[in-house]
Amino acid sequence: METRQRWEGRVVSGRFPLLRYLGGSEQSAVYLTEIDGSKAAIKLIPAVAAQAQIQLSRWELASRLSHPHLLRTLHTGRWRADDEWDMYFAVMEYADENLTQILPSRLLTPAEASEMLIPTLDALDYLHGRGMVHGSIKPANIMAVGDELKLSSDGIRPTGESG
């Protein structure tokens, strides 16, 4: 994804400016964007990646969910980045930080761990009640949006569907 790290300034689907590269992996890139004047994050994956179509359908599934402790998926789609790259994208609620940014510098107190677990378990209960699971519970997917703790919607999938 190193080429995509230099996509700052481009506009996805004529609507979502890639304002600042936030991070990614070999198969994804995440940028700061704006929607209706508010910060949002946009995740891009190559449409030709092995699981790309499955990921797009999972993002679409997540966009239909509404729970106070799930990161909202606001828009999904396909974008022609240039002559070579077709990308799937998901625009999500912007998180100020995630648990991986806190843990290296200090341990959570028991009260903080409890405060973190209650919303996470509440979100998981919501998903399980709708026949879904979160296939990627890890510190990077436990996020803070203002004063609210939210679980990333990236790993949501129907129960029984492999990762």
Side-chain angles (χ1 to χ4, degrees), residues 1 4 12 16 18-46 49-78 87-163:
M1 293 294 289
R4 288 165 232 141
V12 173
F16 307 109
L18 301 180
L19 301 174
R20 182 170 38 99
Y21 179 73
L22 298 174
S25 67
E26 288 183 27
Q27 290 299 313
S28 68
V30 180
Y31 287 86
L32 176 66
T33 190
E34 286 184 347
I35 184 166
D36 302 325
S38 297
K39 284 183 181 180
I42 185 168
K43 186 170 189 174
L44 303 162
I45 61 171
Q51 298 288 317
Q53 185 62 47
I54 292 169
Q55 183 60 59
L56 179 62
S57 66
R58 289 177 180 170
W59 284 336
E60 290 168 348
L61 173 70
S63 73
R64 295 187 296 270
L65 300 173
S66 178
H67 187 276
H69 299 297
L70 283 178
L71 203 65
R72 290 179 299 142
T73 300
L74 307 166
H75 294 279
T76 61
R78 187 178 185 129
M87 307 294 289
Y88 288 132
F89 69 89
V91 178
M92 301 172 205
E93 188 174 13
Y94 178 77
D96 303 305
E97 62 185 348
N98 66 56
L99 198 52
T100 60
Q101 296 166 304
I102 296 169
L103 292 177
S105 61
R106 67 178 184 83
L107 295 174
L108 296 178
T109 66
E112 289 172 322
S114 178
E115 286 177 32
M116 179 207 62
L117 285 173
I118 291 169
T120 302
L121 293 173
D122 189 40
L124 291 173
D125 183 56
Y126 171 82
L127 291 173
H128 295 173
R130 281 150 186 78
M132 291 177 257
V133 296
H134 193 294
S136 188
I137 300 293
K138 59 185 179 181
N141 288 333
I142 299 174
M143 311 180 117
V145 177
D147 291 340
E148 294 290 319
L149 201 67
K150 298 191 178 201
L151 190 57
S152 163
S153 52
D154 240 8
I156 295 173
R157 64 177 185 250
T159 303
E161 189 177 286
S162 63

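Just so we're clear, the structure is a prediction, and the values are computed from it rather than from any experiment.
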Pair Ser153, Thr73: side-chain N/O donor-acceptor within cut-off below 3.5 Å
yes

Taking the side chain as C-beta and beyond, is there a heavy-atom pair between [X] and [Y] under 4.5 Å?
| X | Y | answer |
| --- | --- | --- |
| Arg157 | Val133 | yes |
| Glu161 | Arg58 | yes |
| Thr33 | Val12 | no |
| Ser136 | Asp154 | no |
| Trp59 | Ile45 | yes |
| Leu108 | Glu115 | no |
| Pro119 | Lys150 | no |

Rounded to the nearest 0.5 Å, how far does [atom2] of [Y] lie from [atom1] of [X]?
| X | Y | atom1 | atom2 | value |
| --- | --- | --- | --- | --- |
| Ile102 | Leu107 | CD1 | CG | 12.0 Å |
| Arg64 | Ile156 | CZ | CD1 | 11.5 Å |
| Leu70 | Leu124 | CG | CG | 8.5 Å |
| His134 | His128 | NE2 | NE2 | 10.0 Å |
| Leu127 | Leu65 | CG | CG | 6.5 Å |
| Leu151 | Asn98 | CG | CG | 11.5 Å |

For Arg130, check salt bridge (charged side-chain N to carboxylate O under 4.0 Å, His left out) against everything at least two apart and list the hits.
none

[X] side-chain N/O to [Y] backbone N/O, donor-acceptor pair under 3.5 Å:
| X | Y | answer |
| --- | --- | --- |
| Tyr88 | Ser57 | no |
| Glu112 | Thr109 | yes |
| Ser63 | Glu60 | yes |

Kindly say whether the aromatic ring centers of Phe16 and His75 come within a distance under 6.0 Å.
yes

Identify, with sequence neighbours excluded, every residue that meets side-chain contact (heavy atoms from CB on, under 4.5 Å) alongside Glu34.
Leu19

Test side-chain contact (heavy atoms from CB on, under 4.5 Å) applied to Ser38 - qualifying residues, sequence neighbours left out
none

Over all atoms of both residues, closest heavy-atom pair of [X] and [Y]:
| X | Y | result |
| --- | --- | --- |
| Ser152 | Met143 | CB-SD, 4.1 Å |
| Phe89 | Arg78 | CE2-N, 3.6 Å |
| Val91 | Ala40 | CG1-CB, 3.9 Å |
| Val145 | Leu71 | CG2-CD1, 3.6 Å |

